[in-house]
Amino acid sequence: MSVELGAPIAPMDGYHLPNEVLDERGHRDVKGAPHTFDVDAFVAMLHTLRDGNDVWLPDFDRTVDEPRPDRIYIPAGAPIVIIEGNYLLLSERPWDEVADLLDVVGYIDVDPHVRIQRLIDRHVEFGKTPDEARLFVHASDERNAALIEAARHRADIDIVLTSTSC
């Protein structure tokens, strides 16, 4: 089934901290973990949207593995804005403010084998060797997936993807 909403999408990925900051903090090897995002800027953007203002968002360029400022425009008064990201349901500070700023939050359930293969494929597509990709997925991405799944109970809706293909 396909549903076309015509709604702008505000992805959380643009709020990754730059690699230079992650390197300074020694967190580059866990990039994508909750503490590797600029949560304060993400929450500020959500407040700006809730207040009915135009917003320019950063995106994330996977080819250079960096966020890029002011790439996505969301006009004031958009009737629906889809906020996409892994940590929208976390209850730990500073993420705990996010869910309250959203009208509805869904959890998307994907078969773990499919999720893992998709992540490996994406890492390979953007420059990692298959072994590097597998290692990163199992060392970092899967740890993040466990955090996300533990917050699943906070979702308003549960969306189960039944496709087993990658």
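Numbers for residues simply follow the sequence, beginning at 1. The figures here come from the full heavy-atom set of this structure, side chains too, leaving out hydrogens, waters and symmetry mates.
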Give the C-alpha distance, both sets of side-chain angles, the deciding distance and a yes or no for salt bridge (Lys or Arg N to Asp or Glu O under 4.0 Å) between R62 and D13. CA-CA 10 Å; R62 292 199 181 281; D13 275 356; 2.8 Å; yes
Any link between Y73 and V81 through a network of hydrophobic side chains (Ile, Leu, Val, Met, Phe, Trp, Tyr) touching at under 4.5 Å? no
Could you tell me whether R118 and D121 make a salt bridge, using a distance below 4.0 angstrom between a side-chain N and a carboxylate O? no
Flag the pair P94 / V43 as yes when at least one side-chain heavy-atom distance between them is below 4.5 Å, and no otherwise. no
Compare all side-chain heavy atoms of F126 with those of D61 and state whether any distance is below 4.5 angstrom. no
Rounded to the nearest 0.5 Å, what's the gap from CD on E142 to CD1 on I148? Could you check? 9.5 Å
For P18 and E66, the nearest pair of non-hydrogen atoms, with its separation, is CA-OE1, 3.3 Å
Roughly how far, to the nearest 0.5 Å, is CZ of R28 from CG of L17? 12.0 Å
Are Y107 and H153 close enough that some pair of their side-chain heavy atoms sits under 4.5 Å apart? no
For H27, check ring-ring contact (aromatic ring centres under 6.0 Å, His included) against everything at least two apart and list the hits. H35
Side chains of P67 and Y15 in contact at under 4.5 Å (non-hydrogen atoms): no
When Ile, Leu, Val, Met, Phe, Trp and Tyr are grouped by side-chain heavy atoms lying under 4.5 Å apart, directly or through other members, which residues fall in the same group as I120? I116, L119, V124, V137
Check whether any side-chain N or O of D156 sits under 3.5 Å from a backbone N or O of V105 as a donor-acceptor pair, and report yes or no. yes
Which heavy-atom pair separates A33 from Y87 by the least distance, and what is that distance? CA-OH, 3.7 Å
If you round to the nearest 0.5 Å, how far is NE2 of H16 from NZ of K31? 6.0 Å
Does the side chain of V98 come within less than 4.5 Å of L46's, by heavy atoms? yes
Here the gap from L57 atom CG to M12 atom CE, rounded to the nearest 0.5 Å, amounts to 13.0 Å
Tell me the closest heavy-atom pair linking I80 and A7, and the distance in Å. O-CB, 3.4 Å
Taking the side chain as C-beta and beyond, is there a heavy-atom pair between R143 and V30 under 4.5 Å? yes
Closest non-hydrogen contact found for A155 with G106 is CB-C, 4.2 Å
Specify the closest pair of heavy atoms between F136 and D29, including all atoms of both residues, with the distance to one decimal. CE1-O, 3.3 Å
Give the intermediate values and the outcome of side chain to side chain contact (heavy atoms under 4.5 Å, CB included) for residues H47 and L101. CA-CA 7 Å; H47 279 289; L101 293 168; 3.6 Å; yes
Please lay out, stage by stage, how D141 and R115 fare under the test side chain to side chain contact (heavy atoms under 4.5 Å, CB included). CA-CA 10 Å; D141 289 335; R115 180 186 66 242; over 6 Å; no
Could you state the interatomic distance from CD1 (I83) to CD1 (I74), rounded to the nearest 0.5 Å? 6.0 Å
Taking D51 for its side chain and N53 for its backbone only, find out whether a donor-acceptor pair lies under 3.5 Å. no
Taking atom CD1 of I72 and atom CE of M45, what is their separation to the nearest 0.5 Å? 9.0 Å
D96 and R154 have their tightest heavy-atom pair at O-NH2, 4.5 Å
Whether N19 side chain and D65 backbone form a donor-acceptor pair below 3.5 Å: yes
